[in-house]
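Reviewing the structure listed below.
We're numbering straight along the sequence, starting at 1. Each ligand, and each atom within it, is numbered from 1 in the order the structure gives. Nothing here was measured: the structure is a model prediction, and the numbers come from that model. Computed over heavy atoms, backbone and side chain alike; hydrogens, waters and symmetry mates excluded.
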Amino acid sequence: MANALTSIILVILFCRSAAGLRTRLFSNKDWVLDADEGICKLMVETQGYACEEHKVTTQDGYILSVQRIPVGRSGEASAERAPVLLQHGLLMDGITWLLLPPDQSLAFMLADSGFDVWIANTRGTKYSRGHTSLDPGDSAFWDWSWDELVSYDLPASFQYVHDQTGQKLHYVGHSLGTLIALAAFSQNQLLSMSRSAVLLSPIAYVGQMTSPLARNAADNFIAESLYWLGLDEFDPRGDAVVNLLKAICKKPGVDCTDLLTSFTGQNCCLNSSIVDVFLEHEPQSTATKNTIHLSQMIREGTLTMYDYEDEDENMEHYGQPTPPVYNMTTIPNDLPLFLSYGGQDALSDVNDVQLLLESLKDHDGDKLVVQYREDYAHADYVMASNAKRAVYDPLIAFFKLQ
Ligand SMILES: *[C@@H]1O[C@H](CO)[C@@H](O)[C@H](O)[C@H]1NC(C)=O
Ligand SMILES: *[C@@H]1O[C@H](CO)[C@@H](O)[C@H](O)[C@H]1NC(C)=O
């Protein structure tokens with residue numbers, strides 16, 4: 001391992017001395033946005049839908065952008081529209097839900113089906129880089145893992161939508177958006193504001209993840225080496241990460257001719273034009289610390305809070321020498337859940353999903369809908385040309401029953 005690490009550090013040092021530094025120096029300026037810019041203007045109003053931009057401030061000071069599509073395309077305001085919060089996954093943002101044509105994108109379909117749609121954007125992504133006292137150029141701005149999304153981002157977004165609408169929420173998460181909700185539910189959070197939850201490409205246990213890219217990065221402590229070198233922001237478009245990817249792609253068994261496939265698994269149903277739309281807006285930054293947390297879970301097969309890998313430091317943060325466990329069996333058995341997973345998904349591996357389902361085995365039978373799509377991989381859930389019929393229509397039917 002020491003050898004692998006050394007070569008990785010050399011690669012990074014080389015990259016940084018070249019163009020890598022540019023990413024760090026100019027990252028702040030790149031993200032100063034016009035008030036007129038935003039997902040509403042860019043992706044929603046252009047399709048003929050009304051859209052509102054909202055700001056939600058978390059208890060630890062992050063200013064998150066949230067979009068609301070209050071009515072369907074017809075503009076008709078039906079009396080009672082139940083709110084739905086859409087939460088994207090890792091390295092993505094709220095545009096996740098707007099990539100397909102309007103009659104096939106989940107956000108628009110929900111609005112046209114009578115729901116009040118709210119789109120969340122995680123801290124650190126393009127439209128959620130504000131903070132009450134920190135700046136994305138500060139190391140402290142990136143001092144978080146998904147534990148903080150569980151403790152701060154998700155509760156802030158839920159509370160905001162609940163306050164605005166006076167109603168309990170339906171929730172849809174994709175990928176990391178499922179993990180943070182499951183973790184919150186297991187800690188008895190959000191439940192009083194939740195009506196039901198949909199989990200697409202569910203992530204909880206990841207010890208059996210097959211994605212060659214993610215597994216190689218975890219096994220070779222790539223995220224840790226970035227952290228040691230002071231790259232607190234994990235910017236997938238930045239030179240340091242791009243060059244690391246190139247290094248991983250040269251390893252035997254890793255075929256990166258199609259980068260998306262080597263990360264997510266073989267998606268069945270992506271129309272080539274949607275990959276272009278995707279690349280126009282994604283991928284987005286996250287905290288390097290977050291990728292370390294996920295790497296720990298991939299290596300150990302555990303589902304715990306961030307491990308400082310030092311008993312004293314864990315003690316300081318958690319009052320115990322090892323990080324606390326998120327125990328999925330404590331999710332209330334009567335919470336309505338719709339879970340859909342894919343047979344080709346390299347990030348949400350079927351064996352890992354089985355572990356999650358085992359911990360939900362006492363869930364009330366009529367409160368848990370499980371859908372298995374043999375042909376789906378990770379990106380199909382938000383980009384497949386047949387996602388409307390395969391997943392979204394059943395999902396909307398599920399919401400209407402709750
Ligand atoms: C791909 O998507 C575009 C835009 O929605 C559509 O016009 C085209 O027919 C699709 N192509 C295929 C092969 O599905
Ligand atoms: C989770 O909680 C259940 C009881 O609620 C307990 O039996 C089980 O050992 C716990 N699992 C972990 C990993 O702590």
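- Remark: the T122 side chain and the Q87 side chain contain an N/O donor-acceptor pair separated by less than 3.5 Å.
- Each of the atoms 1 (C), 2 (O), 3 (C), 5 (O) of ligand 2 lies under 4.0 Å from some heavy atom of T329.
- Remark: among candidates N327, L303, D362, T302, the nearest residue to atom 10 (C) of ligand 2 is N327, based on non-hydrogen atoms.
- Ion pairing of K388 with D393 is present here, as a side-chain N (NZ or NE/NH1/NH2) and a carboxylate O approach within less than 4.0 Å.
- Ion pair R129/E233 flagged as a salt bridge, since at least one NZ, NE, NH1 or NH2 atom sits closer than 4.0 Å to an Asp/Glu carboxylate oxygen.
- When hydrogens are left out, the protein atom nearest atom 13 (C) of ligand 2 is V325 CG1, 3.9 Å; that is the closest non-hydrogen contact.
- Contact record, L279 with R237: O-NH2, 3.2 Å, taken as the closest heavy-atom pair.
- Within a 4.0 Å radius of atom 7 (O) of ligand 2, the protein contributes no heavy atom.
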